[in-house]
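For reference, the structure is listed below as structure tokens.
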Amino acid sequence: MSRRLRSVGIDFVDSAPLRLVFAAGMSAPPERVYRALADEVADWPRWFASVTAARSIGEGRGREVRLRGGAVLRETVLVADPGERYAYRGDAANTPGIRALVEEWLLTPEGAGTRVRWTFAADGSGPLRFALRLGRSGMGRAFRDAVRTLDGRLAASSE
């Protein structure tokens, strides 16, 4: 079922053949956003509609994520800087065409809240890269919806 992906480092975020970058603001502080991303992995399906299941593996050093449409990814956490940066590499996937993947979440203080920047860096077959470029606006919409939903959840939990 799973295909092994090329093992790349965090520098792949800057050098990948395909980079999709999205940003949005949140009212929650960076430390709280980071906890939701890195420590509360199982809650991702509650705020990121594209994610149907997620769990930490390897004592938090990895993740297994299931996406709408049936994609399954096993990932290794590359960077875990509380309140600042969370990044992971795809190690295995059941989707055809993908060869390498790193996702990075950068958190920057913005007033009392956080500016969230998500970079989706990938390498794959020509058809996959074409499909991802074509789907850029949908991925951006999914990201913005996820950030908005997460922000609402975090605001409700702090009341």
Side-chain angles (χ1 to χ4, degrees), residues 1-24 26 30 33-82 84-108 114-151 153:
M1 172 176 108
S2 283
R3 296 176 41 262
R4 192 92 185 120
L5 304 185
R6 190 169 79 240
S7 183
V8 293
I10 190 62
D11 58 323
F12 188 71
V13 166
D14 297 319
S15 64
L18 176 69
R19 294 178 69 248
L20 303 176
V21 181
F22 308 98
M26 293 181 68
V33 176
Y34 178 87
R35 279 196 312 273
L37 292 172
D39 299 335
E40 300 165 2
V41 173
D43 288 342
W44 278 54
R46 293 184 175 147
W47 57 269
F48 207 131
S50 301
V51 177
T52 61
R55 66 184 181 104
S56 288
I57 56 176
E59 298 178 10
R61 293 184 307 272
R63 303 163 13 122
E64 183 177 273
V65 177
R66 295 177 181 274
L67 303 174
R68 292 210 188 288
V72 179
L73 296 131
R74 288 187 63 92
E75 303 165 335
T76 295
V77 175
L78 297 173
V79 179
D81 291 335
E84 297 176 16
R85 187 178 186 201
Y86 183 60
Y88 41 88
R89 171 188 62 226
D91 293 321
N94 67 344
T95 53
I98 189 114
R99 292 191 285 255
L101 172 67
V102 172
E103 295 181 49
E104 175 189 59
W105 297 76
L106 286 179
L107 310 175
T108 307
T114 304
R115 185 78 177 160
V116 179
R117 188 179 85 187
W118 175 48
T119 301
F120 180 92
D123 185 18
S125 65
L128 176 77
R129 289 195 316 264
F130 177 76
L132 288 170
R133 282 188 185 101
L134 195 61
R136 176 180 174 57
S137 64
M139 287 179 71
R141 190 171 29 261
F143 165 76
R144 287 186 301 277
D145 289 348
V147 167
R148 187 173 33 258
T149 301
L150 177 59
D151 202 28
R153 287 180 57 81

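Owing to the predicted nature of the structure, the values given are computational and were not obtained by experimental measurement.
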Arg133 vs Leu18, side chain to side chain contact (heavy atoms under 4.5 Å, CB included): CA-CA, chis, key distance, verdict: CA-CA 8 Å; Arg133 282 188 185 101; Leu18 176 69; 3.6 Å; yes

Closest non-hydrogen atom pair between Thr114 and Pro30, with its separation: OG1-N, 2.8 Å

Arg153 side-chain N/O to Thr149 backbone N/O, donor-acceptor pair under 3.5 Å: no

Euclidean distance, Leu37 CG relative to Glu103 CD, rounded to 0.5 Å: 11.0 Å

Heavy-atom closest pair, residues Ala36 and Trp44: O-NE1, 3.5 Å

Note: Arg74-Asp91 ion pair, threshold 4.0 Å (strictly below): no

Where Gly124 and Arg129 come nearest, the two heavy atoms and their spacing: O-NH1, 2.5 Å

Contact check, side chains of Arg61 and Val77, non-hydrogen atoms, under 4.5 Å: no

Residues Phe143, Val116; criterion side chain to side chain contact (heavy atoms under 4.5 Å, CB included); working and verdict: CA-CA 10 Å; Phe143 165 76; Val116 179; 4.1 Å; yes

Close side-chain approach of Thr52 and Pro45, heavy atoms under 4.5 Å: no

Axial cation check for Tyr88 ring with Arg63, 6.0 Å and 45° limits: yes

Among Val102, Val21, Leu132, the one residue meeting side-chain contact (heavy atoms from CB on, under 4.5 Å) with Phe120: Leu132

Rounded distance (nearest 0.5 Å) linking atom CG of Leu150 with atom CZ of Arg46: 12.5 Å

Spacing of CG belonging to Leu101 relative to CG belonging to Asp123, to within rounding of 0.5 Å: 10.5 Å

For Ala54 against Val41, the heavy-atom pair lying closest together: CB-O, 3.4 Å

Tyr34/Asp81 under side chain to side chain contact (heavy atoms under 4.5 Å, CB included): CA gap, chis, key distance, verdict: CA-CA 9 Å; Tyr34 178 87; Asp81 291 335; 5.6 Å; no

Closest non-hydrogen atom pair, Val147 against Ala24: CG1-CB, 4.0 Å

Verdict with supporting geometry, Arg3 and Ile98, side chain to side chain contact (heavy atoms under 4.5 Å, CB included): CA-CA 9 Å; Arg3 296 176 41 262; Ile98 189 114; 4.1 Å; yes

Point-to-point distance, once rounded to the nearest 0.5 Å, from CZ of Arg55 to CZ of Arg66: 8.0 Å

Value rounded to 0.5 Å, distance of OG in Ser7 from CZ in Phe12: 11.0 Å

Close side-chain approach of Pro82 to Arg35, heavy-atom, < 4.5 Å: no

Atom of Asn94, atom of Gly70 and distance for their closest heavy-atom approach: ND2-O, 3.0 Å

NZ/NE/NH1/NH2 to OD/OE distance under 4.0 Å, Asp151 and Arg148: no

Atom pair CH2/CG of Trp118 and Leu20 - distance to nearest 0.5 Å: 7.5 Å

Pairwise side-chain contact, Glu75 with Val65, heavy-atom cut-off 4.5 Å (strictly under): yes

